[in-house]
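Any value given below was found using the heavy atoms of this structure, including those in side chains, with hydrogens, waters and symmetry copies removed.
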Amino acid sequence: MSYLKSRLFLNYALSYLLILLVPLLLFAGAISQSATGNLQREVERAHYNQLAQARHTVDSRMRELSMIATRIAYDTRLTNYRTHDPYYGSEAIQALDQYMATSAMIGELFLYFHGDDRIFSSKGMSGMDVFHERYAFHNWPSRTVETDLDEAKFPAMRPADLVQRTAGLQQSMLAYMVPITPGSPNPHATVLYLIEESQLGGLIASILGSYQGSTFVFDDKGQVLTATRRGESLGPDDIRRLFRQPEGTHSLELNGTKHSVVSVKSEQNGWTYVTAVPSSQFFSSVVELRNILVLLLGAVAAGGAGLALIMARRHYGPISDLAAYASSSARQPGAAKAADELGRIRSVLQYSTRMADLQEPYARNHFLLMLLKHGGSGSVAPELLQALQLGFDRERYAVLVAGWEEEQPEAGSVYGRLRSLSIPEADAAVYGVELPEPRRMAFIVGMKGPDGERSDPLGIVLGKLRPLLEDAGAIRPTIGAGRLYEGPGPLSQSYIEALSAFESAQAAGAGTAQRFDLIPELREEASWLPAGPLLKLAQALKQGSYEVAAATIAECVAAIRASVASAPLLRAMGYEVQGTMLRSAPELGPLARQLPPPSAFRSPDALEQALLGLAAQICSQAESRSLTEERSLMDRAVQHIHERYADHSLSLESVADEHGISPSHFSRSFKEKTGLNFTAYVWQLRIDEVKRQLDATADPLKDIIQRVGYLDTPNFIRKFKKETGMTPGQYRKRGEPGGGAGAE
């Protein structure tokens, strides 16, 4: 027999003959340990899969709630005016009821406008005092409720809390606040969802099965949103340790007992899903196997030597099978699992790298724009500069602004070709920055310290930049240059000067260049102060840059102090500075009543303080007006897209050009406003209209697709099926048998 040829079998037989109990005990211990370990791994794997499924379900439902909030934000029935209007109020309530019905997760839906004393729900409008009577939170005081609703800037979920209802019923509920309009830095209202804890807790409560332990759902700050505790209670320190664990399986000492911990994190909202099970239960679960081994030990001891061969043979078969299985699992399932995980990681890393490559130019441009507006780079982490491939290690810096009216169509993107430059003749490193205005760029120029061989390095850069712009495709570029400063701190000063010089160059005609430090001192009107500081002051106020304006006012007042003019002439100089400031802000409105009094012009110190106050008002209004104009511009652009989405020639570039914005700036602002990129937004409008026409008409599908501006019918059908799971023809026939027919 083949087993007699096995040395392992002979060793077992000899061992049973010589020492019956020891080998069996060792074997029993190995089997028990292996079974316990296998059981623990299986339970942990099951917990991980169940937590991942719960994470996916919750992420989907949170996205659904965010989408409902977005729709509420743009629903004309739910504007502040219409909800408060007695005539339209019923429509608003009905609309909220419809939105609440779209998600089974919502227990109650509220709409609260910031600063209001009323709140709206699917049941009607009520005062905040009535709301607090109907929904009394145990750990969320009414005053804090109103403060949180007023000050919500980002979506936030509150932990489960007991809510005392007016009927005497207590419910454990979660409160989810979503500020609207989503993505706006100044939301005007908050959508409040009340969600029964069972909607969230029910997803994780069943994961433990028959085991004792705990399950938790943490938010991104470590608060316990919902938890299930069975047979044990963990302390606050242990709960915090659970939150800090990275995703995966861990073994931790909790509450003085070793636990098996499984953690899953959501990339969408940062929530963490955790199970913690005392490890001792796994050994207890294999107690039946342990009892069988004890009985077997007694049988071998009682049977004597006659049964040694039989027992050796009996146990050799299972051990052989286990060895083969262990060997194959070590080569295949483990490796296959690792390969699958590596494949997923590789795919995620490749996707993340592609997304980083796509977003890096936008982040770089935004960062450089902030430097131009505020100056300085010392507080920026070196890791960020390295990631953006930027370096500010030069001694002197200046800013140049260039603009052009037309581009050579075959040249490609001017901005991409001028993103980073090197001008060896001036030993200068140049970073190109796309400005919000179309066909306009700024250039941050870094140079080394003074060099006797290059007495005018800025002039060299200015001379070399024009051919570079023309080679990149800019036709007849106009350039303005600010002054050189020590270090990157005063970049905002040089930027304002470059804008002033650029405007001066534009006045001289397209294709010219102007340096701020060479602006002619003579102007058409009489002036007692140099032209440069006044131009710089006007430009700083237009840009809303108070720091630059304050420094320039100090420069003007210093010039007034240094003059030896008479008192009337000194007052005239002060009025000239004030006049420059007022001309830079022609839409001041109420500020005109807050002009410096005549007494402020009697001394330079009083004049400086008065002008600083006026500058602060002008800059504040300029920033407010800029934000208002940006929102209004994006609203008009979105309206334009809604009106023209059926035009097949509609493109991001055409909409940006129509509204006087650079395409990349428009792309960033559009996604911040709508949450979607331009292509996805237009696609959604078109597919929604196709769905509507499929339901409302019997027109052929090809005609419908072309009417919404999509020329490639087969490609549209493929994308339609990928999004809805059915073809347009199946979609049309889905509800009623014998519905309208349409050819695909």
Side-chain angles (χ1 to χ4, degrees), residues 54-75 78 95-114 116 119-123 128 131-132 134-142 144-165 170-184 187-205 216-227 243 265-273 675:
R55 172 188 63 187
H56 174 74
T57 302
V58 173
D59 285 353
S60 299
R61 293 183 179 179
M62 291 298 102
R63 283 195 299 270
E64 179 182 315
L65 296 182
S66 297
M67 183 59 70
I68 292 173
T70 300
R71 292 174 180 170
I72 290 174
Y74 293 106
D75 194 329
L78 295 173
L96 285 176
D97 188 51
Q98 292 171 352
Y99 283 120
M100 190 178 84
T102 60
S103 175
M105 191 176 188
I106 304 174
E108 186 55 80
L109 170 64
F110 297 91
L111 175 60
Y112 173 78
F113 293 97
H114 293 179
D116 201 353
I119 193 167
F120 303 88
S121 72
S122 60
K123 295 183 175 60
M128 292 304 294
F131 169 76
H132 295 312
R134 292 179 179 174
Y135 299 93
F137 291 86
H138 186 263
N139 295 315
W140 198 15
S142 58
T144 308
V145 172
E146 296 184 25
T147 301
D148 291 347
L149 290 175
D150 274 321
E151 298 178 357
K153 298 290 185 183
F154 304 98
M157 177 76 80
R158 285 192 56 83
D161 195 359
L162 282 178
V163 180
Q164 180 72 42
R165 307 292 289 272
Q170 278 193 339
Q171 279 184 288
S172 182
M173 307 189 81
L174 300 108
Y176 185 46
M177 296 178 291
V178 181
I180 56 175
T181 302
S184 171
H188 67 283
T190 301
V191 176
L192 173 63
Y193 300 99
L194 293 186
I195 304 168
E196 293 184 11
E197 185 185 8
S198 60
Q199 291 285 346
L200 188 58
L203 296 173
I204 62 171
F216 298 91
V217 178
F218 299 94
D219 65 10
D220 57 337
K221 298 180 179 62
Q223 295 186 99
V224 178
L225 297 180
T226 183
F243 169 70
K265 295 183 181 294
S266 169
E267 295 182 0
Q268 175 177 307
N269 50 30
W271 292 5
T272 303
Y273 304 77

Problem - Closest non-hydrogen atom pair between Pro155 and Pro179, with its separation - result: N-CD, 3.6 Å
Practice task
Not counting sequence neighbours, which residues clear side-chain contact (heavy atoms from CB on, under 4.5 Å) with Thr144? List them please.
Solution key: Trp140, Pro141, Asp148
Problem - Gap between atom OG1 of Thr70 and atom CG of Asp75 - 0.5 Å precision - result: 12.0 Å
Handout entry: Approximate separation, where rounding is to 0.5 Å, of Leu109 CG and Gln98 CD
Key = 11.5 Å
Practice task
Sort and list the pairs that fulfil salt bridge (Lys or Arg N to Asp or Glu O under 4.0 Å) and have at least one residue in residues 96-110, not counting sequence neighbours.
Solution key: Glu108-Lys123
Problem - Heavy atoms of other groups near His188 NE2, more than 12 under 6.0 Å - result: yes
Exercise for the section: Over 60° means perpendicular and under 30° means parallel, so classify the ring planes of Phe137 and Phe131, tilted if in between. Expected result: tilted
Practice task
Nearest 0.5 Å please: distance from the CG atom of Leu194 over to the OH atom of Tyr176.
Solution key: 14.0 Å
Exercise for the section: State, yes or no, whether a side-chain contact exists between Tyr112 and Asp150 at a heavy-atom distance under 4.5 Å. Expected result: yes
Completion exercise
Residues Arg61 and Leu203: closest non-hydrogen pair is NH1-CD1, 4.4 Å
Problem - Side-chain heavy-atom pair Phe216, Thr272 within 4.5 angstrom cut-off - result: no
Practice task
Indicate yes or no for a side-chain donor-acceptor contact from Asn139 to the backbone of Asp161 under 3.5 Å, with no hydrogens or angles considered.
Solution key: no
Practice task
Assess whether side chain to side chain contact (heavy atoms under 4.5 Å, CB included) is satisfied between Leu78 and Phe120, documenting all intermediate values.
Solution key: CA-CA 10 Å; Leu78 295 173; Phe120 303 88; over 6 Å; no
Exercise for the section: Show the numbers, then the answer: is there a side chain to side chain contact (heavy atoms under 4.5 Å, CB included) between Leu96 and Leu111? Expected result: CA-CA 8 Å; Leu96 285 176; Leu111 175 60; 4.3 Å; yes
Handout entry: Any donor-acceptor N/O pair, Gln268 side chain to Asp59 backbone, under 3.5 Å
Key = yes
Problem - Gap between atom CD1 of Ile72 and atom CG of Leu65 - 0.5 Å precision - result: 9.5 Å
Practice task
For the residue pair Phe218 and Phe243, categorise the inter-ring angle as parallel (less than 30°), tilted (30 to 60°) or perpendicular (more than 60°).
Solution key: tilted
Exercise for the section: Taking the side chain as every heavy atom from C-beta outward, state whether Met128 and His132 have any pair of such atoms under 4.5 Å apart. Expected result: yes
Completion exercise
Taken in chain and number order and not counting sequence neighbours, the residues that satisfy salt bridge (Lys or Arg N to Asp or Glu O under 4.0 Å) with Lys153 are none
Completion exercise
Here the pair of heavy atoms bringing Gln199 nearest to Ala104 is NE2-O, 3.4 Å
Handout entry: Between His138 and Gln170: side-chain donor-acceptor atoms closer than 3.5 Å
Key = no
Practice task
Could you tell me whether the side chain of Tyr273 and the main chain of Ala54 form a donor-acceptor pair under 3.5 Å?
Solution key: no
Problem - Spacing of Gln171 atom CD and Glu197 atom CD [to the nearest 0.5 Å] - result: 11.0 Å
Completion exercise
Rounded to the nearest 0.5 Å, the OG1 atom of Thr102 sits from the CZ atom of Arg71 at a distance of 7.0 Å
Exercise for the section: Side-chain contact test, heavy atoms from C-beta onward, threshold under 4.5 Å: evaluate it for Met157 versus Asp219 and give yes or no. Expected result: no
Practice task
Could you go through the side chain to side chain contact (heavy atoms under 4.5 Å, CB included) check for Asp220 and Asn269 one step at a time?
Solution key: CA-CA 7 Å; Asp220 57 337; Asn269 50 30; over 6 Å; no
Problem - Side-chain touch Ile68/Val191, heavy atoms, less than 4.5 angstrom - result: no
Handout entry: Minimum heavy-atom distance Arg55-Lys265, with the two atoms named
Key = NH1-O, 2.8 Å
Practice task
Evaluate the criterion side chain to side chain contact (heavy atoms under 4.5 Å, CB included) for residue pair Met105 and Glu64; output intermediate values, then yes/no.
Solution key: CA-CA 10 Å; Met105 191 176 188; Glu64 179 182 315; 5.8 Å; no
Problem - Minimum-distance pair of heavy atoms, taken over all atoms of Pro159 and Gln223 - result: CG-OE1, 3.7 Å
Practice task
Check whether any side-chain heavy atom of Ile195 sits under 4.5 Å from a side-chain heavy atom of Leu200, and report yes or no.
Solution key: no
Practice task
Please tell me if the side chains of Val145 and Tyr135 come closer than 4.5 Å, counting only heavy atoms from C-beta onward.
Solution key: no
Practice task
Using a 4.5 Å cut-off on heavy atoms from C-beta on, say whether the side chain of Val58 contacts that of Ser266.
Solution key: no
Practice task
Search all heavy atoms of Ala73 against all heavy atoms of Ile180 and return the closest pair with its distance.
Solution key: CB-CB, 3.7 Å
